[in-house]
Structure formats: structure tokens, C-alpha cells
Amino acid sequence: MLAWIFPKILIKAVKGTRDLLPPATEVWNRVETTAREVLGLYNYQEIRTPILEETQLFARGVGSDTDIVTKEMYTFEDRDGSSLTLRPENTASVIRAYIEHRLDQRPGVQKLYYMGPMFRRERPQKGRYRQFYQIGAEAIGSESALIDAEVIAMVVEILERAGLSGFQLLINSVGDHDCRPQYVERLRLALEPVAAQMCEDCRRRSQTNPLRVLDCKVEHDQPIIERLPMIVDHLCDGCRAHFDAVKKHLSDLGIAYEVRPRLVRGLDYYMRTTFEVVHGALGAQNSVLGGGRYDGLAEALGSKVHSPGIGFSIGEDRLVMSVEQTQAPKSLDLFIALHRDAAVRHALLLARDLRRAGHSVELGQGRLKRAMELADKLGARFALVVGDDEIASGRYPLKDMATGKQQTLTPDEITAQLAAKN
RNA sequence: GUGGGUGUAGCUCAGCUGGUAGAGCGCUGGAUUGUGGUUCCAGUGGCCGAGGGUUCGAAUCCCUCCACCCACCCCA
């Protein structure tokens, strides 16, 4: 009949994006609240940058040769011809804002955190989405190993308080602008005679990005990779001292870590300290968080002031995925069953007062049996009946849903009961 | 971008070698007039992912497409 007005093709969430529904959103909120608490304890403050940035920012910040920039960005031309991109990560934006607003003029190390959606056009799979969420932080303005250790300690605390257990902290140093190029050259030379025996990807990487070879998981290549020079053995004095200090501070704090000489981060801006947290039961995407130091990033983005920084970002989707089971079901404090229409005014006022007192209240009209059933399904701790008798007497039957016991009380007594049981 | 798996009711899934659709849970109502959880009864609900082919007949066989999931890659 009206089929031409009501098309039968359903509109669905676009590939790689998803709706987060209750009760899962409760877990997300809890994780975010926990993160804010811990970040606050370490004196971090929130920064909110735009989701949309000039494409150039990521090309220069993240690295024009990276996978993210070459094939994963949502880039489009705006009406005035400028090229815009949906942020694939947030560090570049934070540094851009830091430079733009001269945050280097503010006292002390700038400690900023953010949370929100990022966008990368990858093929979705478990723990990997095209719109995904990150909770991250950046400490800008210090080269000290103390900050590295503090950042790592903080992130471990966030994960623990969020309810994650059984995770593993991996750290490494990837050198700086001084020793890394030398190491990469050394690696390239070492690869030359053996590359032919390696997998196709490694043969390509040995030319384009030798560091990536170290990440290869192909079984056959492992013995070859074992014999390649490792960056930790070729750090310059400054980087070596820095890395040793970070490790010492972590040990002093009693934080368990494992040095992974082959931990290489995918974004060009990392130097010196890099770290990652992995967790089993996440499938192939087992990395919950990644981070590292980026002492040259600000300059790469046009800053005249040297602004060394270190930061991390937590994959919130993955964190939520691995702590989801530990969440207690949400409950309702009180369900008010209205038995007659005349009860509406009384119930509304009662509900308003109880809500002001901090109790969650749901109202329901209709047959009492039905209302009680609903109260039960909603997980209400108490149910209250409001009908003609109650309005006349000013006293209401309050039922404890767990025990089934019911008492007839005045509004003040009801408030006291709800407060007492909290 | 490349593989593999799966698409049947809101959810989890049955449906053998083709005979035109089922269970459990959920939801709604009833047994119970102003009192939930248990039990019992009834109801609700599906162009069997889409299109084409084979056939008297297709959820079932064949082809194409699409979607989702998992993996490679890469990363959070």
C-alpha cells in the first residue's frame, strides 16, 4: 500500500561502527570514570580537540609512510577545496593544540588527557573497529625518565582499577634521531644478504621500513630475525642512560615489565621509550594500549620550541571487552506502582522528592500484578503502591523485593528506609 | 587489500538424503478482584540475508551478490 513511502531496506550502522547499548554502556562509563579519577591523581587535565583536522597534520605528525596515513584515513575534500581527515589518533592533535595555544608558556609539564572516538578504515575484526575509542594522555615539556616511569605507572594503575588483570607490560627503547638512523642503516646492511630467504613481506620491508621486519611473525623467518642486530645494543649514550633510568624507576615502583627488544611502534614519531600492554583472551588484537616518547614531534609540526613529550592511548573497546564480565548488574532503588489515575499527582511528587534525595525511581501505571512483575524485572530493590487508600491515609505500603516483606509507611519513613538500605 | 566461517522469530539455535517452518528464552494475556519471583495454559512473532537457476515442488541443490564474524596485514 504505502510501500513506496516506507522503503523496506533497513538502514544499519555503517561497517566497522557499532551502537553501544545498555547495560554495556555502564561498563564504558565505569571505565571512563575510573580513568578520570586516576588521571586526576597524577594531575592530568582534560583536553578536547576537534574530531576533524587538516589532513596535513596527520601526514606530518604520524608519518607519511605509515599504514595509517597511506591507506586507513577517512579523508575528504571540503567545499572550499581543503583536505580534511577524521582523526585516526589524537596525539598529533594534542601537540597541534599545544603549539597553537602556546601551552609551553604555562608553568610546569603540561599533562593532558583525552577520551573519544578515532577513525581508521581497516577491515573490522575482533577488537578492531573503524570507529574505535581511545583514552589517552600526553605529558609534554620534559625529557626526564621520571616522567616516563610516572606515565607508565599511571597507566598500569588505570588498567588495574578498571578491573583488568593478567596483563603484561612490554617496554623497549627505539633510540633517537641520533642513534636510530645509524641502527636502521646497520639493520639494512644485515638484512641484505639474508632478505632473499625471508617471506615476501620482509623482503619488501627490508627496503622500505627495516624496523618492521622485527615484528614479523612468520615462523620460518624467526631464526633469521634472532640473529639481526637489536636496537637496545646500539643505543647512543644518552638513550642508554635514559632507558636504564626508566627501568630503574619502574623497578623501584615495583612494576613488573618485560623488555622486548623487538617492540617497534607503528607511528614514526616515537623515539626512546616505547611500551605496550598485551592481554590474552582478546584474540589476535591483543594490544590494550600503546605508547611512547616523541621528543621530535612538536618540531615536526612546526614548533619553534623544543617540546619533548610522552604519552599513551588505551584501546577502550579492548579494555571494556576484557573487563566486561566483572560488572555488577545495574539496579533500581524504587518502583512506584500507581493504582488509580488519581494517584498520578501524588506519585509524581513523591518520585520527585525521592529523586532529589538521590534515589533512582521508576513509575508504572496499570494493574498491580503487572506493575510488580515489572518492578521485579527491572531489578527494583523496593516497590511502593500508590492508590486511593494510600492517598486517603497518607501512608504507603513499601515492599522489599528481595524478602517480600511489606510495611506501611509515611513518606518520611520511606525516605529513611531507602537511605538506610543504600 | 587477501583468505576462511556463518547468515532461519527480538535473542540462542534445530530443521537428516528437496515435499513449502520448529524449540527454548523473551514479549503479551489468562489461571490470581490491590502485590513480583515458581508452576500451568494460551497468544505474539519469520518474503528461512538478497537475486537468479535446476525442479511438479527449494530454508534444503547450483551460481552471483550482500552482510556479519574470525584471521592475515596493521594497530588501540
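Note on naming: letters A, B, ... go to the chains in the order of the sequence lines (proteins, then strands), and numbering restarts at 1 for each one.
Using atom C1' as the reference point in both B:G18 and B:A76, the two lie 49 Å apart (nearest Å). The same atom, C1', is picked in B:C61 and in B:U17; the two are 11 Å apart, to the nearest Å. Across B:G51 and B:A67, the matching C1' atoms stand 14 Å from one another, rounded to whole Å. With P as the reference atom, B:C48 and B:G7 are 15 Å apart, rounded to whole Å. When the C1' atom is used for both B:U44 and B:C25, the distance is 14 Å, rounded to whole Å. Rounded to whole Å, the P atom of B:C73 lies 44 Å from the corresponding atom of B:U54. B:C13 and B:C62 are spaced 23 Å apart, taking the P atom of each and rounding to whole Å. Going from the C1' atom of B:G46 to that of B:U8 covers 8 Å, rounded to whole Å.
In the interface, the side chain of A:E72 is not paired with the base of B:G1 through any donor and acceptor atom under 3.5 Å apart. Evaluation of atom-type donor-acceptor distances gives no pair under 3.5 Å for the side chain of A:K71 against the base of B:G1. At a cut-off of 3.5 angstrom, the base of B:C74 holds at least one donor-acceptor pair with the side chain of A:R128.
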Protein N or O to nucleotides 2-5 of chain B N or O, pairs below 3.5 Å:
{"from": "B:U2", "atom 1": "O4", "to": "A:R123", "atom 2": "NH1", "distance (Å)": "2.4"}

Requested in this report: Would you please test A:V94 and A:Y114 for side-chain contact (heavy atoms from CB on, under 4.5 Å) and show each step?
Outcome: CA-CA 9 Å; A:V94 171; A:Y114 58 85; 4.0 Å; yes
Query raised in the report: Checking side-chain contact (heavy atoms from CB on, under 4.5 Å) for the pair A:I225/A:M198: CA distance, chi angles, key distance, verdict?
Result: CA-CA 9 Å; A:I225 294 169; A:M198 303 183 79; 3.8 Å; yes
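Residue A:K15 places at least one side-chain N or O under 4.0 Å from the OP1 or OP2 atom of B:C68. Remark: A:R130 is not in phosphate contact with B:C74, judged by side-chain N or O atoms under 4.0 Å from OP1 or OP2. Distances shown here put a side-chain N or O of A:K377 below 4.0 Å from the OP1 or OP2 atom of B:C27. Within the structure, a side-chain polar atom (N or O) of A:Q125 is placed less than 4.0 Å from OP1 or OP2 of B:A71.
Nearest nucleotide to the side chain of A:R120, out of B:A76, B:U32, B:C74: B:A76. Closest approach to the A:A284 side chain among B:A71, B:U35, B:U33 is made by B:A71 (side chain taken as heavy atoms from C-beta onward). Listed nucleotides B:G37, B:A76, B:G34 differ in distance to A:F132; the shortest reach to its side chain belongs to B:A76. Among B:G30, B:C72, B:G36, the nucleotide with an atom closest to any side-chain atom of A:Q285 is B:C72. The side chain of A:P397 approaches B:G34 more closely than any other nucleotide in the set B:A76, B:G34, B:G30.
Between A:R370 and A:H339, the residue whose closest nucleotide on RNA chain B is further toward the 5' end is A:R370.
Within the 4.5 Å cutoff, no side-chain heavy atoms of A:Q285 are placed close to those of A:M321. By the 4.5 Å heavy-atom criterion applied to side chains, A:R381 and A:D333 are counted as neighbours. With a 4.5 Å cut-off on side-chain heavy atoms, A:F243 and A:V259 count as touching. Between A:D176 and A:D295 there is no side-chain heavy-atom pair separated by less than 4.5 Å. Here the side chains of A:L263 and A:I171 are not in contact, with every heavy-atom distance at 4.5 Å or above.
Atoms CZ and CG, from A:R260 and A:L214 in turn, are 13.0 Å apart once rounded to the nearest 0.5 Å.
Backbone-only contact: A:K126 has heavy atoms under 4.0 Å from sugar-phosphate atoms and none from a base. Contacts of A:E390 with the nucleic acid, taken as non-hydrogen atoms under 4.0 Å apart, include base atoms.
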Report summary line: Here RNA chain B, pairs taken as Watson-Crick or G-U under 3.5 Å and shown with ( ), [ ] when crossing and | when to another strand, reads (((((((..((((.....[..))))((((((.......))))))....(((((..]....))))))))))))....
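The minimum heavy-atom distance between A:A357 and A:T415, with the atom names listed, is CB-CG2, 4.5 Å.
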